[in-house]
Protein chains: 2
Amino acid sequence: MKLSKTSEHAIRVLVYMAQNPEEQFSVNTLHETLNIPFKYLGRLMPSLAEAGFIVATHGKNGGYRLLSNYEFVTIASIIDVVDGMDSYSECILGFENCGDGKPCPLHNHWGPHRDAIKKLWETVTLKDLAKRGFKI
Amino acid sequence: MKLSKTSEHAIRVLVYMAQNPEEQFSVNTLHETLNIPFKYLGRLMPSLAEAGFIVATHGKNGGYRLLSNYEFVTIASIIDVVDGMDSYSECILGFENCGDGKPCPLHNHWGPHRDAIKKLWETVTLKDLAKRGFKI
DNA sequence: CATAAATACTACCTCCTTGTAGTATTTATA
DNA sequence: TATAAATACTACAAGGAGGTAGTATTTATG
């Protein structure tokens with residue numbers, strides 16, 4: 001029922017960056033602004049770059065900048081990179097082949113909620129979340 | 001987005017027992033029927049007994065039996081014992097004081113789903129789930 | 001009373017997540 | 001060209017979840 005800490009961090013960083021999508025941010029700035037451990041963030045950012053959300057500039061005055069497709073980056077695509085989206089398709093009781101044909105006791109109760117949340121994450125984009133006035 | 005393995009086990013055990021609520025089950029029987037590790041189950045059951053879901057009979061021919069209030073035992077009360085229900089009230093991004101007044105970027109999207117699932121777990125009882133034909 | 005079969009307890013092991021530390025590499029600039 | 005400031009890489013440490021193992025305790029029964 002929770003995101004991993006790493007997913008929380010990733011979403012917060014990217015939403016924060018999306019509030020000033022043209023700006024370049026150093027890891028140190030993000031660390032100080034968002035209260036995310038510096039070294040941990042320094043390991044997360046390259047994976048977000050590899051995933052195609054951001055791009056790094058090396059050397060002095062370097063940092064990270066959002067890619068221009070950020071308007072279409074969904075929460076699901078972020079979770080997918082960090083945690084994986086598997087749990088949003090799987091049985092809540094862990095049965096491999098639970099489904100409409102052979103449901104577990106919770107299947108009919110849980111399925112609609114799980115699907116609704118999955119669809120939510122697949123629909124909401126960084127742009128949707130980048131409005132000011134939110135706690136980041 | 002997942003229950004812990006231990007919660008999965010606890011729910012499966014209790015739903016299975018609720019299908020024959022008068023019967024007494026040994027840990028070994030439950031282990032073999034439900035494919036839950038014997039020793040792990042042997043540690044889980046006393047905690048379910050302490051929580052008031054089941055009662056143990058010691059010695060030869062002993063085992064566990066559901067208590068008579070099982071009809072009113074909710075999924076939430078089981079999760080509460082094993083995992084805790086805290087995450088069903090907390091902010092999805094981990095903000096301590098996220099709320100309607102000072103929402104995080106996901107608060108308005110996530111809150112309704114989180115609340116709906118919490119209500120579901122607080123509503124569904126072992127009796128509701130004990131119907132036959134389910135995969136246990 | 002001895003034995004068998006059951007729960008109860010305690011210690012340990014492994015893996016994953018989170019976080020920390022140090023060092024290498026890259027690049028702007030005085 | 002030397003320095004400073006940034007990312008990149010790699011190893012390690014702490015803690016919790018899941019699982020294993022062994023032993024103690026309880027009790028029915030021959």
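First the proteins, then the strands, lettered A, B, ... as listed; each starts at 1.
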Between atom CD1 in Ile54(B) and atom C1' in dA6(C), what is the gap in whole Å?
14 Å
Minimal non-hydrogen separation, Gln19(A) against Lys131(A), with atom names
NE2-O, 3.6 Å
Is the closest basic N to carboxylate O distance between Glu122(A) and Lys119(A) below 4.0 Å?
no
Which heavy atom of Arg65(A) sits nearest to which heavy atom of Glu22(A), and what is that distance?
NH1-O, 3.1 Å
Taking all non-hydrogen atoms of both residues into account, name the closest pair between Phe95(B) and Arg12(A) and its distance.
CZ-NE, 3.4 Å
Does Gly59(B) reach a base, just sugar-phosphate, or nothing at all? Heavy atoms under 4.0 Å.
base
Winner on side-chain proximity to Tyr40(B), out of dA8(C), dT20(D), dT18(C), is dT20(D)
What about Lys39(B), does its side chain sit under 3.5 Å from the base of dG18(D) through a donor-acceptor pair?
no
Value in whole Å for how far the C1' atom of dT27(C) lies from CG of Asn61(A):
9 Å
Any donor and acceptor pair, going by atom type alone, linking the side chain of Asp128(B) with main-chain N or O of Thr125(B) inside 3.5 Å?
yes
With the 4.5 Å side-chain cut-off for hydrophobic clustering, are Leu66(A) and Tyr64(A) part of the same group?
yes
Look at atom CD of Glu50(A) and say whether more than 12 heavy atoms of other residues, nucleotides or ligands are closer to it than 6.0 Å.
no
Rounded to whole Å, please give me the gap between CG in Leu30(A) and P in dA6(D).
12 Å
Got a sec? Which of residues 7-28 of chain B come in under 4.0 Å of DNA chain D, heavy atoms?
His9(B)
In whole angstroms, how far is the C1' atom of dA5(C) from the CZ atom of Phe38(B)?
10 Å
In this structure, how many angstroms lie between the C1' atom of dG18(D) and the NZ atom of Lys2(B), rounded?
12 Å
Start at the 5' end of DNA chain C and walk down; is the nucleotide closest to Arg43(A) or to Thr57(A) reached first?
Arg43(A)
To the nearest angstrom, the NZ-C1' distance between Lys5(B) and dT20(D) comes to 17 Å
What is the distance, to the nearest angstrom, from the OH atom on Tyr64(A) to the C1' atom on dT27(C)?
15 Å
Nearest 0.5 angstrom please: Cys104(A) SG to Trp110(A) CH2, how far?
11.0 Å
Note on DNA chain C: ranges paired as stems (three or more Watson-Crick/G-U pairs in a row, both atom distances under 3.5 Å) are C:1-30 with D:1-30
Donor/acceptor link under 3.5 angstrom from Lys60(B) side chain onto base of dG30(D):
no
Within residues 79-94 of chain A, which residues have any heavy atom lying less than 4.0 Å from an atom of DNA chain C?
none
Side-chain donor-acceptor contact under 3.5 Å, Asp80(A) with Ser77(A):
no
Is Thr6(A) close enough to dT17(C) that one of its side-chain N or O atoms is under 4.0 Å from OP1 or OP2 there?
no
Using a 4.5 Å cut-off on heavy atoms from C-beta on, say whether the side chain of Leu41(A) contacts that of Leu34(A).
no
Quick check on dA8(D): is either OP1 or OP2 less than 4.0 Å from any side-chain nitrogen or oxygen of His58(A)?
yes
Is the side chain of Gln24(B) donor-acceptor paired with the backbone N or O of Asn61(B) at a distance under 3.5 Å, no angle test?
yes
Any chain of hydrophobic side-chain contacts (each under 4.5 Å) joining Ile54(B) to Phe38(B)?
yes
Round to a whole Å and report the spacing from CG of Leu3(A) to C1' of dT17(C).
14 Å
